[in-house]
There are 2 protein chains.
Amino acid sequence: MAAEFAEGERLDEVTLSARFAVSRTPVREALHGLAASGLVETIPRRGAFVRYPSFIKLVEMFDVMAELEAMCGRLAARRITPEELERLEEAAVACERAMEKGDADDYYRENERFHHVLYQASGNSYLAGEASKLHKRLQPFRRLQLRVRGRLQQSMREHRQVQDAIVKGDAERAADVLRGHIAIQGENLRDLMANFAKQQAGTAARSQSASPESGTRFRDKDMRKIRNPERAE
Amino acid sequence: MAAEFAEGERLDEVTLSARFAVSRTPVREALHGLAASGLVETIPRRGAFVRYPSFIKLVEMFDVMAELEAMCGRLAARRITPEELERLEEAAVACERAMEKGDADDYYRENERFHHVLYQASGNSYLAGEASKLHKRLQPFRRLQLRVRGRLQQSMREHRQVQDAIVKGDAERAADVLRGHIAIQGENLRDLMANFAKQQAGTAARSQSASPESGTRFRDKDMRKIRNPERAE
DNA sequence: GTCAACTTTCTTGTATACAAGATCGTTATT
DNA sequence: AATAACGATCTTGTATACAAGAAAGTTGAC
């Protein structure tokens, strides 16, 4: 399920339509949607290719996420309503319960609730939307990290610090704590990926086989045809 | 050209396909693209509706843009390469020439170049991409502002301040100046819109006529059919 | 006259057919 | 034998046909 489609794999429209027992039309629309959300890259007249974010790109995305969350925190510290404060407390309590149970899945869900309350509390609906989108995209990699030893407890402490700063209306501290809260996930990711790379070192080359760059071998005679790749978008 | 499609207007697929002399298929794909970029809202089984960002949303977007640019500046101050520094200077000089000529269109183009160099110089390609996307979306509203009296000169001064901070490697100052540089556009927008509203006050009501909320009159008898609007995505 | 159920019409969503570009294989030429 | 030109095949992009859901109009009951 997790590794159903390999990085670089070409997604053939007819194959997919056969597999899901629909015509090519909805398949095409779905592929365009995935392309918009970045999971797939489409090259005109060539097809759609699976694009998992590279490690570099993931770290970059976590950096941006950290900044967006910091902005949410800064604004929320000034703008949060009593009702939202209450929901923040509820989410924090739920997180605490999950942590005490040691239930990572549960913590993960409640953690998400906590952050979404913050996005809303920023009072900037565009920001909230963008933060949610990126949060969702980084979701699987965030989830991975909750397995790291002691991460749940640390995460919880950071949540309480954020909450404290917001209750006190300390915008800059809320921003800083949140920035760190996310940035540390980028750091942890580095560690996880390093370990993962050690294990998977042997099979890495194979997974690249179907990518358009490495897989489609341009023969010398075809090189005369000068094509500009004309990347989608 | 500018106001070819009115806010809330329904975009009929067959009408559009007739107008552009293509079949419905590419029209549908184009509409989906516009929906992804936020210019159009699609409601399942109902159609696509023109959605210009509201004034509130615009201000929100400028706030986020300010933060993204600030982040670019902070990173660029530390990571910019000599080659990028050179391109920044080139863009700044080009801006200066345009300003001296008083050519707002030209300044607008070169200003864009200046900012794109900064995005690149951040060394975070994801950030650069997101900043470019939002920049592009705010483009028409930015452009409006260059007509404001004295804005060109002020903008130019701010550019030089940004450049100075980056040359000196002062990350926080670069961030602060850039944040202000963008934030002021949100402020100016407020003024422009206030003036615009005064002029257009009479015609405002009419432009809403075709929106699905106000235009589609549900008759009482139809209210029994409980539909969840099921907003797209 | 008003309101509800039915029917008609219109529009989106999906399937299929066709056109055009791209890759791959074959053949001919140097 | 290597390379270029040509043609066959496959795949995407577009057009058209069909199905299903939504809005509007019509008829009938109270």
Side-chain angles (χ1 to χ4, degrees), chain A residues 5-6 8-36 39-51 208-233, chain B residues 5-6 8-36 39-51 208-233:
Chain A
F5 296 103
E9 185 180 341
R10 181 154 150 281
L11 296 170
D12 185 62
E13 294 178 0
V14 295
T15 308
L16 287 171
S17 64
R19 173 163 171 197
F20 294 107
V22 291
S23 78
R24 271 179 56 218
T25 312
V27 168
R28 278 178 71 82
E29 299 202 344
L31 286 177
H32 284 127
L34 290 171
L39 276 131
V40 150
E41 182 188 7
T42 63
I43 302 179
R45 293 254 170 227
R46 292 272 206 99
F49 298 86
V50 180
R51 282 280 173 266
Q208 284 277 338
S209 65
S211 84
E213 293 84 353
S214 62
T216 308
R217 300 179 307 276
F218 287 102
R219 289 179 297 185
D220 289 357
K221 65 180 177 185
D222 289 323
M223 288 304 281
R224 64 195 145 73
K225 294 186 192 174
I226 300 143
R227 304 190 190 89
N228 58 342
E230 206 172 9
R231 293 296 171 102
E233 176 260 357
Chain B
F5 296 103
E9 183 179 342
R10 183 155 147 281
L11 296 169
D12 184 63
E13 295 178 1
V14 295
T15 307
L16 288 172
S17 63
R19 173 163 171 196
F20 294 106
V22 291
S23 79
R24 270 181 58 222
T25 313
V27 168
R28 277 178 72 82
E29 300 202 343
L31 286 176
H32 283 128
L34 291 171
L39 277 132
V40 149
E41 182 187 7
T42 64
I43 302 178
R45 295 254 168 225
R46 291 275 204 100
F49 298 87
V50 180
R51 281 281 173 267
Q208 283 278 337
S209 63
S211 83
E213 294 84 351
S214 62
T216 308
R217 301 178 306 275
F218 286 101
R219 288 180 297 186
D220 290 356
K221 63 181 176 184
D222 289 321
M223 289 302 282
R224 63 196 144 74
K225 294 186 192 175
I226 299 141
R227 304 188 188 92
N228 56 346
E230 205 174 8
R231 291 298 171 102
E233 179 244 2

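Chain naming here is simple, since letters A, B, ... match the order of the sequence lines and numbering starts at 1 in each.
- Not one side-chain nitrogen or oxygen of B/R10 sits closer than 4.0 Å to the OP1 or OP2 atom of C/dC10.
- Atom CG of B/L11 and atom P of C/dC10 are 20 Å apart (whole Å).
- Remark: A/T15 pairs with A/D12 by the side chain to side chain donor-acceptor pair (under 3.5 Å) rule, at least two apart or across chains.
- Scanning for side chain to side chain contact (heavy atoms under 4.5 Å, CB included) contacts around A/A35 gives A/V40, A/T42, with sequence neighbours left out.
- Between B/E13 atom CD and D/dA22 atom C1' the separation is 14 Å, expressed in whole Å.
- Note: CZ (A/F20) to C1' (C/dT14) measures 17 Å, nearest angstrom.
- Phosphate contact (OP1/OP2 of D/dG21, side-chain N/O of B/R46, threshold under 4.0 Å): absent.
- Of the inter-residue distances, the one linking A/L39 atom CG with A/F5 atom CZ reads 11.5 Å to the nearest 0.5 angstrom.
- By the side chain to side chain contact (heavy atoms under 4.5 Å, CB included) test, B/A30 pairs with no residue at all, sequence neighbours left out.
- Taking every heavy atom of both residues into account, B/A6 and B/V50 meet most closely at O-CB, 3.4 Å.
- What separates CD1 of A/I43 from P of C/dT23 is a distance of 10 Å, to the nearest Å.
- Scored by the side chain to side chain donor-acceptor pair (under 3.5 Å) test, A/R24 finds A/E13 as partners (sequence neighbours excluded).
- If you take CG of A/D12 and P of C/dT23, they are 15 Å apart, rounded to a whole angstrom.
- Of all the residues in residues 21-33 of chain A, A/R24, A/R28 reach under 4.0 Å from DNA chain D with at least one non-hydrogen atom.
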